[in-house]
Amino acid sequence: MNSKKVSELLGVSTDTLRYYERIGVIPPVERDHNGYRVYKTNDLNWIYLAKSLRSAGLSIESLIEFATLARKGGKVRAAQKDILHEQLDTLNTKLAQMKETQALLQYKIDTFDEHLAKFDSGQMTKDHTEELWKKPFLKDRNKGEQ
């Protein structure tokens with residue numbers, strides 16, 4: 001498969017494909033007799049993995065380290081797996097934070113009109129209002145802080 005088709009298939013620009021290969025994020029891609037890149041399934045897997053890990057926040061440096069370790073093989077594979085574990089832990093933390101924020105936003109949307117009415121009627125004031133951090137949807141986070 002050529003660069004243009006890979007670009008369209010995986011949603012990565014041809015410039016990014018060349019860049020990833022040049023800096024070692026993906027292994028060198030085979031070339032045809034005219035010097036054009038010919039991407040194989042393994043190359044597509046590397047590109048897809050790199051794109052996914054980048055979108056999840058993994059640094060270019062970590063991707064280079066991961067790819068370099070893959071080329072070495074042998075005992076360094078444990079270090080390669082450690083990089084994946086670290087990224088998964090980071091992603092799980094971010095997901096938990098996003099779910100908490102999602103719950104907060106949903107709560108604010110669900111109670112928006114009610115809260116405005118309470119402020120308008122004087123039932124709630126800036127000095128006498130709810131304590132968002134104590135709401136049930138944040139219960140698990142609050143347990144960890146106590």
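Treat the numbers as computed from the prediction; the structure is a model and nothing was measured. Numbers here simply count residues along the sequence, with the first being 1.
Looking at heavy atoms from C-beta onward, R77 lies out of side-chain contact with K81 at the 4.5 angstrom threshold. Side-chain atoms of T125 and T129, non-hydrogen and from C-beta on, never get closer than 4.5 Å to each other.
Remark: R22 CZ to Y20 OH distance equals 12.0 Å, nearest 0.5 Å. Summarising the geometry, atom CD1 belonging to I109 is positioned 5.0 Å from atom CD belonging to Q106; distances are rounded to the nearest 0.5 Å. Distance CG/L44 to CD1/I26: 9.5 Å, rounded to 0.5 Å. Atom CZ of R37 and atom OG1 of T14 lie 9.0 Å apart (nearest 0.5 Å). Interatomic distance, L58 CG to E65 CD, rounded to the nearest 0.5 Å: 9.5 Å. If you take CG on D113 and CG on D120, they are separated by 10.5 Å, rounding to the nearest 0.5 Å.
Summarising the geometry of K118 relative to S121, their closest heavy-atom pair is O-OG, 3.2 Å, with the distance given to 0.1 Å. Taking all atoms of both residues into account, the shortest heavy-atom contact from L53 to Q87 is CD2-CG, 4.0 Å. Summarising the geometry of A70 relative to Q80, their closest heavy-atom pair is CB-NE2, 3.0 Å, with the distance given to 0.1 Å. Scanning both residues, L132 and Y107, for their nearest heavy atoms gives CD2-CE2, 3.8 Å. When all heavy atoms of A67 and G24 are compared, the closest pair comes out as CB-O, 3.1 Å. Nearest heavy-atom pair across P28 and D43 is O-OD1, 4.4 Å.
The hydrophobic cluster containing L104 does not contain L95, counting ILVMFWY residues as joined when their side-chain heavy atoms lie under 4.5 angstrom apart, directly or transitively. In the hydrophobic clustering of ILVMFWY residues, with side-chain heavy atoms under 4.5 Å counting as a link, L17 and I60 come out together. Residues I83 and I23 are members of one and the same hydrophobic cluster, defined by side-chain heavy-atom contacts under 4.5 angstrom among Ile, Leu, Val, Met, Phe, Trp and Tyr. Residues M1 and I47 share a hydrophobic cluster, clusters being chains of Ile/Leu/Val/Met/Phe/Trp/Tyr side chains in contact below 4.5 Å. L63 and L91 fall into different hydrophobic clusters, where Ile, Leu, Val, Met, Phe, Trp and Tyr residues are linked whenever their side-chain heavy atoms come under 4.5 Å apart, directly or through other members.
Looking only at atom types and distance, the side chain of S62 has a donor-acceptor partner in the side chain of S59 under 3.5 Å away. A donor-acceptor pair shorter than 3.5 Å can be found between the side chains of E130 and H115. Between the side chains of S55 and S52, no donor-acceptor pair of N or O atoms lies under 3.5 Å.
Residue-environment remark: OH (Y36) stays at or below the threshold of 12 foreign heavy atoms within 6.0 Å.
E131 meets the salt bridge (Lys or Arg N to Asp or Glu O under 4.0 Å) test with K134; sequence neighbours excluded.
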* To do: Let me see the working for V12 and S7 under side-chain contact (heavy atoms from CB on, under 4.5 Å), right down to the final yes or no.
  => CA-CA 5 Å; V12 177; S7 174; 5.6 Å; no
* To do: Go through the steps for W46 and Y39 under the test ring-ring contact (aromatic ring centres under 6.0 Å, His included), then give the verdict.
  => CA-CA 10 Å; W46 270 102; Y39 292 90; over 10 Å; no
* Run the side-chain contact (heavy atoms from CB on, under 4.5 Å) check on V29 and V38 step by step: do they pass? -> CA-CA 7 Å; V29 178; V38 179; 5.7 Å; no
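We find that D15 and R18 are joined by a salt bridge, their nearest charged nitrogen and carboxylate oxygen being less than 4.0 Å apart.
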